[in-house]
Amino acid sequence: MVDEQRKINNKQLLAAARGNGNVEELLTDPKYRHPEDIDEYLFDINCRDVLGNTPLHLAVKSESVENVNLILDAPLCDVDLQNHDGNTPLHLAVQIRDQMIRKAVVTVLIDEAGASDSTRLKNKAGQTPKDLCGIYCPDDLDVVRLASPPTRKLHQFLDQDDVVSDDEEESE
């Protein structure tokens with residue numbers, strides 16, 4: 001019974017994320033919680049539609065900053081999942097036409113949800129989110145900066161065994 005209810009609720013969540021329902025209700029109403037564990041949802045926050053889109057992908061596509069925030073607040077929401085085209089929610093966010101919505105969604109994905117790994121992921125066309133910025137929003141410097149992979153410092157590539165200390169004596 002619980003598995004069947006979960007499938008139905010997954011479909012409702014996907015529809016709501018598309019803008020055809022109430023995401024907040026699904027996330028807050030006790031009827032969408034497991035009867036024996038109120039902390040567990042009766043849906044998978046990372047469920048997928050036939051194109052591999054998660055509720056987060058769909059909320060980004062629907063350009064609903066509110067739904068993006070609600071979904072990101074759900075436990076276990078994975079911001080770096082790729083759909084069948086290889087796009088993460090960040091790939092889709094940089095394509096939003098409205099500059100204010102685009103910046104708000106990209107900002108929440110990067111700064112609040114930690115989607116920095118998505119900045120390095122390529123879709124099936126071989127494009128990173130920054131590459132897509134060059135097509136969809138080349139003049140939006142804030143979004144281009146946010147969608148750029150963080151620079152790595154040399155110490156991130158080295159472990160302690162690779163570093164020579166002044167205290168170490170030279171061996172002969």
Give a yes or no on whether the backbone of Y32 and the side-chain of D29 come within a donor-acceptor separation of less than 3.5 Å. no
Treating Ile, Leu, Val, Met, Phe, Trp and Tyr as nodes and any side-chain heavy-atom pair under 4.5 angstrom as an edge, say whether L56 and L27 lie in one connected cluster. yes
V108, L58: one ILVMFWY side-chain cluster at the under-4.5 Å cut-off? no
Steps toward side chain to side chain contact (heavy atoms under 4.5 Å, CB included) verdict (V143, C133): CA-CA 8 Å; V143 168; C133 286; 3.9 Å; yes
Taking all atoms of both residues into account, what is the closest heavy-atom pair of V144 and P138, and its distance? CG2-O, 4.2 Å
Using the rule that Ile, Leu, Val, Met, Phe, Trp and Tyr join whenever any side-chain heavy atoms are under 4.5 Å apart, tell me whether L109 and L121 fall into a single cluster. no
Separation between CD1 of I101 and CD of E63, rounded to the nearest 0.5 Å: 5.0 Å
Backbone N or O of V94 within a donor-acceptor pair of the R102 side chain at under 3.5 Å? no
If you apply the rule side chain to side chain contact (heavy atoms under 4.5 Å, CB included), what do you find for L81 with N46, and how did you get there? CA-CA 8 Å; L81 293 177; N46 298 309; 3.8 Å; yes
Okay, side chain of N69, backbone of V65: is any donor-acceptor separation there less than 3.5 Å? yes
Is I71 reachable from V106 through a run of I, L, V, M, F, W or Y residues, each pair having side-chain heavy atoms under 4.5 Å apart? yes
Could you pull out every donor-acceptor pair under 3.5 Å between side chains of residues 10-20 and any protein atom, sequence neighbours left out?
{"unit_1": "N10", "atom_1": "OD1", "unit_2": "D44", "atom_2": "N", "d": "2.7"}
{"unit_1": "R18", "atom_1": "NH2", "unit_2": "D49", "atom_2": "OD2", "d": "3.3"}

More than 12 heavy atoms from other groups under 6.0 Å of CD1 on I135: yes
Expected output: side-chain N53 to main-chain H57 donor-acceptor under 3.5 Å: no
Show the nearest heavy-atom pair for residues N22 and E25, with the distance to one decimal. OD1-N, 2.9 Å
Stepwise side chain to side chain contact (heavy atoms under 4.5 Å, CB included) test for V68 and L72: CA-CA 6 Å; V68 168; L72 287 172; 3.7 Å; yes
I'd like to know if the side chain of Q95 and the backbone of P129 have a donor-acceptor N/O pair within less than 3.5 Å. no
Side chain to side chain, D140 and D142, heavy atoms closer than 4.5 Å: yes
Steps toward side-chain hydrogen bond (donor to acceptor under 3.5 Å, both in side chains) verdict (D80, T88): CA-CA 6 Å; D80 298 316; T88 65; over 6 Å; no
Quick check for you: to the nearest 0.5 Å, what is the distance between K124 atom NZ and N83 atom CG? 8.5 Å
Under the side chain to side chain contact (heavy atoms under 4.5 Å, CB included) rule, what do L132 and L92 come out as? Steps first, then yes or no, please. CA-CA 9 Å; L132 292 172; L92 302 176; over 6 Å; no
Scanning both residues in full, the closest heavy-atom pair of T119 with P149 reads OG1-CA, 3.2 Å
Minimum heavy-atom distance A113-V79, with the two atoms named: CB-CG1, 3.6 Å
Check whether any side-chain N or O of R6 sits under 3.5 Å from a backbone N or O of Y41 as a donor-acceptor pair, and report yes or no. yes
State whether the side chain of R97 and the backbone N or O of Y136 hold a donor-acceptor pair below 3.5 Å, judged by distance alone. no
Does M100 sit in a hydrophobic cluster with other residues, and if so which ones, taking ILVMFWY side chains as linked at heavy-atom separations under 4.5 Å, directly or through other members? none
T107: what forms a side chain to side chain contact (heavy atoms under 4.5 Å, CB included) with it, not counting sequence neighbours? K103, D111, L146
Using atom types as modelled and distance alone, determine if a side-chain donor or acceptor of N123 lies under 3.5 Å from a backbone N or O of D85. no
What are the two closest non-hydrogen atoms of V105 and V60, and how far apart are they? CG1-CG2, 4.0 Å
N87 side chain near Q82 side chain, heavy-atom distance below 4.5 Å: no
